[in-house]
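See below for the structure under consideration.
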Amino acid sequence: MDVNVPSQRDACMEWTSETTHYVKGALETRPEPRSGPADGEAQCLAGPAGLCRELGPRAGADIGVVTVEIAAFSRILPEIDLQAGYEILRQLAEAVREGFARYFPDCALLRLQETGVAAHACFFSPRSCPGDGGGVLASFSAFRAGLSDTLSRRFTHMAGRHLAVDIGYARLDAGSGEPGPHHILKALCQAQCMGKNEFDAERCQLHQTFERLLAARELDVRYQPVADLSAAGVLGWEVSIRGDAGGPFADPLLLWDFAVQCGEEASLDRVFRELALAHLGTVAERQKLFLPIRHASLDDPAFAPARLVAALERLGLGPANVVLSLSETSGPGELSCLFERLEAHRAAGFELAADDVGGGASNLLLLSRARPDWIKTCPGLAEAVEANPFKRVMLETLALLADKIGARMAVGGVASDLALSTVASMGVAAALGPHFGDPACPKSETVGELPPKASFDILGGVARQCSAPIGKLADECLTVDTQTTVDEVKELLGERPPMTNVVVASNRRPVGIVMNYHLDRRLSTRYGNSLFAHKSVTRIMNPRPLLAEATQAVEAVARQAMNREASMVYDDIVVVDAEGLLVGTVSVQKMLDSLAQVQVELAKGSNPLTGLPGNMAIEQEVNRRAKIALPVSCVYVDLDHFKVYNDAYGFTNGDKVILLTARVLAEALHGRPDCFLGHVGGDDFVCITPRQEAEPLCRQTIEAFARAILGHYSPEDQIRGAISGKARDGTPGMFPLVSLSMGIVDCAFEIPFSTEEFSQRVAEVKKFAKTKPGNSYVRDRRAPLGAKV
């Protein structure tokens with residue numbers, strides 16, 4: 001636009017006390033220009049309160065704000081001619097007023113307000129087509145193009161140095177309520193940020209779309225069921241939000257990323273919470289809503305515990321029905337304080353979840369500080385877990401960690417029957433992912449048939465234990481006696497790594513341990529060196545180190561180590577012999593590495609469908625019982641007519657029948673002491689039980705299987721009690737429904753017997769069992785294998 005050359009009268013204006021008010025800005029009042037206001041619509045009212053009074057009657061209306069600012073003018077103002085500076089300020093105010101009238105003819109100027117030194121804001125509302133973001137953006141684009149370069153060149157000439165004029169736009173979002181100071185400040189900040197960047201009309205249009213979605217609450221809330229792997233039902237739902245399917249924010253990640261970039265994260269999260277609760281529907285007493293929480297919402301008054309509890313009570317829910325989930329993908333600095341800031345919510349009864357564990361930037365020490373009630377793993381850890389022993393070990397380790405810190409674990413990203421059965425075999429509490437259906441609204445009330453939970457605590461955990469003695473891992477260590485001083489120990493450790501230890505011993509019997517990092521911490525306190533340097537090492541040692549006898553199993557020692565106080569959990573383990581004399585020390589890292597290696601080897605032998613121990617673990621279990629001469633019964637389980645079923649109903653349904661078999665066996669073994677369940681392969685299973693438990697186990701299994709198998713047939717086949725198919729030799733015919741054949745072989749282990757003898761006896765009993773029609777079991781009535789006769 002054309003800017004008038006200043007008149008002689010204006011050029012000679014003096015720097016008066018009024019000018020001081022003018023330059024202060026920052027939402028203060030500038031005295032009326034000597035020439036009076038340009039029009040009746042642009043009035044100068046005092047401060048934010050005046051703005052709120054002016055804009056308040058338009059609550060809920062579409063209000064925009066355009067900001068015009070000379071960049072860094074307050075910094076250079078003292079360095080330029082006083083009269084030139086005042087003239088620049090006067091011309092800027094007039095150019096803004098005149099430019100708005102020229103370029104925004106379809107908008108009503110509600111307020112022209114100073115917001116700082118050489119900074120003005122025009123608050124306006126479209127006279128027609130409220131919410132027509134395209135028209136407003138076109139006007140803004142012309143306004144910016146007409147003023148920015150023209151004023152920059154003129155003011156640079158007047159000041160004798162480069163001056164840039166920043167022009168930005170934002171929408172004042174007060175929802176349906178009256179605009180408050182925080183709404184005004186937020187819009188001003190957004191507009192000023194835009195002014196400092198290159199104008200992107202497409203991005204501005206996207207921002208308009210986002211704000212309309214937020215204001216109209218036209219967002220799509222969906223619920224993903226969380227399967228309860230313990231009780232075989234719906235534990236709860238994880239809720240997510242996205243824009244409409246045909247819009248630019250159909251992807252939830254894009255929606256949240258854009259909200260963060262626009263400074264609207266807390267606003268979107270507030271609307272998200274309200275919609276998530278509004279559409280939730282009925283929830284059983286023990287079911288839960290996993291509600292993701294954003295960092296920006298922690299300061300939102302609407303997120304305060306009392307208000308959140310009140311909102312739940314209006315829906316007939318309580319804090320026990322909600323799990324607040326915080327993503328591990330937050331930066332480490334953020335996540336370290338998030339759970340601490342949520343202690344008031346925990347005290348009010350809400351549970352807290354560490355979400356996306358394994359896919360973010362936090363660490364295990366952070367989890368120990370956070371003490372979450374739930375650990376939810378990132379989806380990537382469950383991807384192809386049935387074929388990846390390393391992922392399996394990672395999930396099993398996290399499950400063990402969750403158990404040790406008193407948390408429950410939910411595995412995300414479960415996408416197939418195989419992945420689900422593998423996860424279920426780890427004994428975790430819950431699972432969620434595409435396998436249970438797409439997120440939907442209204443929420444799904446079922447999760448389909450779940451596989452057995454092959455918990456090794458129930459089904460004979462010894463098959464998964466590392467039986468190697470801890471003594472094999474022990475290393476030689478530095479030792480001192482009780483008379484050694486602290487400064488002598490410090491000199492002995494010298495430049496050694498922080499995890500180095502010194503064992504304090506008396507007559508080769510350990511009485512304490514000093515870890516280098518504990519020593520550094522004690523001596524680095526204000527008076528630490530003066531207090532301890534010349535004192536006996538017994539003053540600062542840990543007098544209760546974890547002592548492990550060299551013959552103890554590694555896994556047993558690991559459990560003791562993880563149950564220590566948090567400050568000592570990474571201290572080395574002191575290994576002694578049967579007489580209590582020092583053998584060496586074992587680091588926690590070395591012990592866990594050893595366990596992980598064993599788990600990898602065992603995982604390689606696990607059945608990928610059911611997750612049950614495979615041939616390697618079965619053989620180890622039989623050998624273990626043989627070594628202790630513990631009489632047992634080996635129950636071999638086989639499915640009859642399974643090939644015909646597979647041909648008729650397909651491999652997917654065939655896998656479901658195998659999973660059904662595993663589940664009924666696991667349920668029958670539940671509560672029976674000293675039992676083991678393994679999956680030989682295909683449709684063959686083996687149970688190892690005390691002799692007196694074998695026949696009751698068979699009867700319970702057959703009864704449950706006979707009831708459940710009917711659900712895997714069509715109604716017509718159920719009525720017929722048979723299906724059409726071909727035998728193994730290709731002969732067509734009608735074949736009975738799938739049934740169980742169970743053969744019991746007793747083993748005494750009083751005297752050795754060969755593998756060939758064992759295999760021969762098993763084959764004979766299985767063959768005899770399969771001659772019985774329907775579900776049946778038989779017991780070998782001959783003398784037990786390995787019995788003295």
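Only this structure's heavy atoms are used, side chains among them; waters, hydrogens and symmetry mates stay out.
Using a cutoff of 4.0 Å between basic side-chain nitrogens and carboxylate oxygens, Asp269 and Arg273 are scored as salt-bridged.
To the nearest 0.5 angstrom, Leu280 atom CG is 10.0 Å from Leu291 atom CG. Here the NZ-CD distance, from Lys196 to Glu69, works out to 4.5 Å after rounding to the nearest 0.5 Å. Between atom CZ of residue Phe124 and atom OH of residue Tyr169 there is a gap of 5.0 Å, rounded to the nearest 0.5 Å. To the nearest 0.5 Å, atoms CZ (Phe272) and CZ (Arg294) are separated by 9.0 Å. To the nearest 0.5 Å, the span separating CD1 on Ile375 from CG on Asp355 amounts to 11.5 Å.
The closest donor-acceptor contact from the side chain of Asn321 to the backbone of Gln287 lies under 3.5 Å.
Residues Leu163 and Thr156 come closest through the heavy atom pair N-OG1, 2.9 Å. Considering every non-hydrogen atom in both Ala320 and Lys288, the closest pair reads O-NZ, 2.8 Å.
Every residue meeting the side chain to side chain donor-acceptor pair (under 3.5 Å) condition with Asp220, not counting sequence neighbours, appears here in chain and number order: Arg222.
Aromatic rings from His345 and Phe303 are positioned such that their centres are separated by under 6.0 Å.
The one candidate from Ile241, Leu213, Asp257 that meets the side chain to side chain contact (heavy atoms under 4.5 Å, CB included) condition with Phe249 is Leu213.
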